[in-house]
Q: 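I'd like to ask you about the structure that follows.
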Amino acid sequence: MTYKDIVLSGIQELKSAGIGEYELDARLLFEEAFEVDRSFLILNADAENTNADSYEKYKDYIEKRSKRVPLQHILGYQDFMGLRFFVDGRVLIPRQDTEILVEEAIKELHDGMSVLDICTGSGCILISLLNYSNDCAGIGVDISEDALTVAKNNSDKLLTKEGTDVSFMKADILEDLPDALLGPKFDLVVSNPPYIESDVIEELEPEVKDYDPMLALDGGKDGLVFYRRLSEVLDKTLKKGGWFFFEIGYNQAEAVKELFSDEYTDIEVIKDYAGLDRVIKGRRKINV
């Protein structure tokens, strides 16, 4: 069996299973199983496979993906902001749309600032911000010990630059905040909180509803539970003149904007690559 035939068989199986990007997934799983890059398949498409172990591994990967196991869980990683993050069922898989939040926050992040990341999950937002800045400090907060373990592992692997100060803390932001977060002491507060309406979760793709942690999805009956709490948390954590950046659902912009008091200005909604509302940002007034 040639390498081309192996990939074509994977493509057909994933297509039959209803996988949207069946060709891309089949190729990526081939590269992972055979430990090669894309050029290998281009140069050796018609060569006969001589690696039985890798072929068996590839078949196992295709079978898992056909059962709607997320591609990222099979590969063990997700690329985000040019960095490779380890992910598994303990954390929400980082989405490309969340890069918009990071890109917007970087515009206001200057050397030596402090960042609070609420509902940090894999740590992708906080770690990316600290990686692309100098001498900044950050705290990532999550209710899940499992998520914090993943975030800490990603931090240890990716944040190797001297002068970077990062830590992770278990806390339920719907309850009382730990003293370490109170000040207000942070220049930026960022969050990608759970914002899916409880009744909608069952309608999501199997890769999401069956494999992403429910804690990272469920935003309550109207999807706004965490935003109400975040509007209160900002008063206790964000410095005057500091910025907040929150990811939101496509239909939540107006409702979230209404949660912010007269203490905030420059509130803006940024759209994602599909033209949908995705990030809300704002600044705490200095003279209040």
Q: To the closest 0.5 Å, what do you measure between CG (N49) and CE (M1)?
A: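 The CG atom of N49 sits 9.0 Å away from the CE atom of M1.
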Q: For the side chain of K209 and the backbone of E202, is there at least one donor-acceptor N/O pair under 3.5 Å apart?
A: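 Confirmed, K209 side chain pairs with E202 backbone.
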Q: Could you please spell out the steps behind the side-chain contact (heavy atoms from CB on, under 4.5 Å) verdict for L158 and N131?
A: CA-CA 8 Å; L158 297 172; N131 181 74; 5.8 Å; no
Q: Going through the checks in order, is the side chain to side chain donor-acceptor pair (under 3.5 Å) test met by S198 and D218?
A: CA-CA 6 Å; S198 301; D218 195 341; 2.6 Å; yes
Q: Tell me whether D156 at atom CG has more than 12 heavy atoms from other residues, nucleotides or ligands lying less than 6.0 Å away.
A: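 Enclosed: over 12 neighbouring heavy atoms sit under 6.0 Å from CG of D156.
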Q: Does the distance from a Lys or Arg side-chain N to an Asp or Glu carboxylate O, for D222 and R228, drop under 4.0 Å?
A: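 A salt bridge links D222 with R228.
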Q: In this structure, are over 12 heavy atoms from other groups packed under 6.0 Å from K185 atom NZ?
A: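 Yes, because the 6.0 Å sphere around NZ of K185 holds more than 12 heavy atoms from other groups.
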Q: So, the side chain of R284 versus the backbone of D235: is there a donor-acceptor pair under 3.5 Å, distance only?
A: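 Yes, the answer is positive, given that a donor and an acceptor are paired below the 3.5 Å cut-off.
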Q: Under the 3.5 angstrom rule, does the side chain of D187 hit a backbone N or O of S114 as a donor-acceptor pair?
A: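 At least one qualifying donor-acceptor pair exists.
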Q: Does any part of the side chain of L174, heavy atoms only, come nearer than 4.5 Å to the side chain of F226, both counted from C-beta?
A: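 They are in side-chain contact.
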Q: Where the side chain of T149 meets the backbone of E145, is there a donor-acceptor pair that is under 3.5 Å apart?
A: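 Present.
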Q: So, are R95 and D97 salt-bridged, with charged N and O less than 4.0 Å apart?
A: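 No, R95 and D97 are not salt-bridged.
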Q: Once you round to the nearest 0.5 Å, how far does CD of Q72 lie from CG of D79?
A: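 Answer for the CD-CG pair, Q72 versus D79, is 9.5 Å.
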Q: Looking at side-chain heavy atoms only, is the closest gap between I139 and F186 below 4.5 Å?
A: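 Counting from C-beta outward, I139 and F186 do come under 4.5 Å.
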Q: Evaluate the ring planes of F260 and Y264, with Trp represented by its six-membered ring, and classify them as parallel (under 30°), tilted (30 to 60°) or perpendicular (over 60°).
A: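 Ring orientation of F260 relative to Y264: perpendicular.
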Q: Are the side chains of P94 and S122 in contact, using a 4.5 Å heavy-atom criterion?
A: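 Side chain of S122 against side chain of P94, heavy atoms only: contact under 4.5 Å found.
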Q: Step through the shown structure and confirm whether more than 12 heavy atoms of other residues, nucleotides or ligands are within 6.0 Å of NZ on K236.
A: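 12 or below, so no.
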Q: Are the side chain of K281 and the backbone of A105 linked by a donor-acceptor contact shorter than 3.5 Å?
A: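 Not at all, since once roles are kept as given, no pair shorter than 3.5 Å links the two residues.
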Q: In Å and rounded to the nearest 0.5 Å, what is the CD1 to CD1 distance from I19 to I11?
A: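 Between atom CD1 of I19 and atom CD1 of I11 there are 13.0 Å.
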Q: Any sub-3.5 Å donor-acceptor pair from D272's side-chain atoms to G275's backbone N or O?
A: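 Yes.
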Q: Say whether L109 and I100 are linked into one hydrophobic cluster, either directly or through other cluster members, by side-chain heavy-atom distances under 4.5 angstrom.
A: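 Linked, L109 and I100 end up in one cluster.
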Q: So, for N154 and F86, which heavy atoms are closest and what is the spacing to 0.1 Å?
A: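 Result for this residue pair: OD1-N, 2.8 Å.
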Q: Out of curiosity, L101 CG to E247 CD, how far, rounded to the nearest 0.5 Å?
A: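 Reported to 0.5 Å precision, the distance equals 6.5 Å.
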Q: For L259 and S231, work out which heavy atoms get closest and say how close.
A: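 Heavy-atom minimum between the residues: O-CB, 3.6 Å.
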Q: So, the side chain of R229 versus the backbone of E175: is there a donor-acceptor pair under 3.5 Å, distance only?
A: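 At least one qualifying donor-acceptor pair exists.
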Q: Taking side chain as C-beta onward, heavy atoms only, is R68 less than 4.5 Å from E205?
A: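 With C-beta onward as the side chain, the pair touches.
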Q: May I ask you to decide if D262's main-chain N or O and K285's side chain share a donor-acceptor pair within less than 3.5 Å?
A: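 Yes.
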Q: For Y3 and F34, run ring-ring contact (aromatic ring centres under 6.0 Å, His included): C-alpha distance rounded to whole Å, both residues' side-chain angles, the deciding distance at 0.1 Å, then the answer.
A: CA-CA 10 Å; Y3 292 115; F34 283 83; 5.8 Å; yes
Q: Would you say T120 and D142 are linked by a side-chain donor-acceptor pair, where the criterion is simply a distance under 3.5 Å?
A: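 Judged by distance alone, the side chains do not pair up.
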Q: Answer yes or no: is there an ion pair linking E63 with K59, defined by an N-O contact shorter than 4.0 Å?
A: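 Here E63 does not pair with K59 in a salt bridge, since their nearest N and O are not under 4.0 Å apart.
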Q: To the nearest 0.5 Å, what is the distance between CG (L75) and CG (D25)?
A: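 Rounded to the nearest 0.5 Å, the CG-CG separation comes to 8.5 Å.
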Q: Could you tell me whether a side-chain N or O of S54 sits under 3.5 Å from a main-chain N or O of A33, the two making a donor and an acceptor?
A: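 Pair found, side chain donor or acceptor close to backbone of A33.
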Q: Would a single hydrophobic cluster contain both V233 and L224, if residues Ile, Leu, Val, Met, Phe, Trp and Tyr are joined by side-chain heavy-atom contacts under 4.5 Å?
A: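 Yes.
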Q: What distance separates D46 CG from L41 CG, expressed to the nearest 0.5 Å?
A: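 Answer rounded to 0.5 Å: 9.5 Å.
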Q: Can you check side-chain contact (heavy atoms from CB on, under 4.5 Å) on L14 and S66, steps first, answer last?
A: CA-CA 6 Å; L14 295 186; S66 296; 3.6 Å; yes
Q: Are the side chains of F246 and I118 in contact, using a 4.5 Å heavy-atom criterion?
A: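 Counting from C-beta outward, I118 and F246 never come under 4.5 Å.
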Q: Is there a path from V189 to M113 through hydrophobic residues (I, L, V, M, F, W, Y) whose side chains come within less than 4.5 Å of each other?
A: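 No, it is not one cluster - the side chains of V189 and M113 are not joined through contacts under 4.5 Å.
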Q: If you apply the rule side-chain contact (heavy atoms from CB on, under 4.5 Å), what do you find for N192 with L92, and how did you get there?
A: CA-CA 10 Å; N192 179 15; L92 187 76; 3.9 Å; yes
Q: Taking side chain to side chain donor-acceptor pair (under 3.5 Å) as the criterion, tell me which of H110, E103, E104 meets it with K107.
A: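 For K107, the side chain to side chain donor-acceptor pair (under 3.5 Å) test succeeds with only one of H110, E103, E104, which is E104.
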Q: Tell me whether V166 shares a hydrophobic cluster with L129, the cluster being built from Ile, Leu, Val, Met, Phe, Trp, Tyr side chains joined at under 4.5 Å.
A: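 Yes, it is one cluster - the side chains of V166 and L129 are joined through contacts under 4.5 Å.
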Q: Just by distance, with hydrogens left out, do D37 and S39 show a side-chain donor and acceptor under 3.5 Å apart?
A: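 The answer is yes; a qualifying pair exists.
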Q: Test L28 against E21 for side-chain contact (heavy atoms from CB on, under 4.5 Å), laying out the working first.
A: CA-CA 11 Å; L28 291 174; E21 295 188 332; over 6 Å; no
Q: Salt-bridged, D53 to K57, with N to O below 4.0 Å?
A: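 Judged by the 4.0 Å cut-off on N to carboxylate O distance, D53 and K57 do not form a salt bridge.
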Q: Return yes when atom NZ of K239 has more than 12 non-hydrogen atoms of other residues, nucleotides or ligands closer than 6.0 Å, and no otherwise.
A: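 More than 12 within 6.0 Å, yes.
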Q: Does any part of the side chain of D277, heavy atoms only, come nearer than 4.5 Å to the side chain of Q252, both counted from C-beta?
A: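 No, their side chains stay 4.5 Å or more apart.
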Q: Output yes when a side-chain donor or acceptor of D111 lies under 3.5 Å from a complementary backbone atom of D135, and no otherwise.
A: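 Between the backbone of D135 and the side chain of D111 there is no qualifying donor-acceptor contact (under 3.5 Å).
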Q: Are the side chains of Q78 and V91 in contact, using a 4.5 Å heavy-atom criterion?
A: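 The answer is no; the side chains never approach within 4.5 Å.
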Q: Just so I know, are the side chains of V36 and F30 near enough to count as touching, which here means a heavy-atom distance under 4.5 Å?
A: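 Result yes, sub-4.5 Å side-chain heavy-atom pair found.
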Q: Give the minimum heavy-atom separation between S128 and M81, together with the two atoms involved.
A: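 Where S128 meets M81 most closely, the heavy atoms are OG-CB, 3.6 Å.
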Q: May I ask whether F80 and Y77 are part of the same hydrophobic cluster, defined by side-chain heavy atoms of I, L, V, M, F, W, Y residues being less than 4.5 angstrom apart, directly or through others?
A: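 Hydrophobic grouping puts F80 apart from Y77.
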Q: Can you see whether S16 engages Q12 through a side-chain donor-acceptor pair at a distance of less than 3.5 angstrom?
A: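 Yes, side-chain donor-acceptor contact under 3.5 Å.
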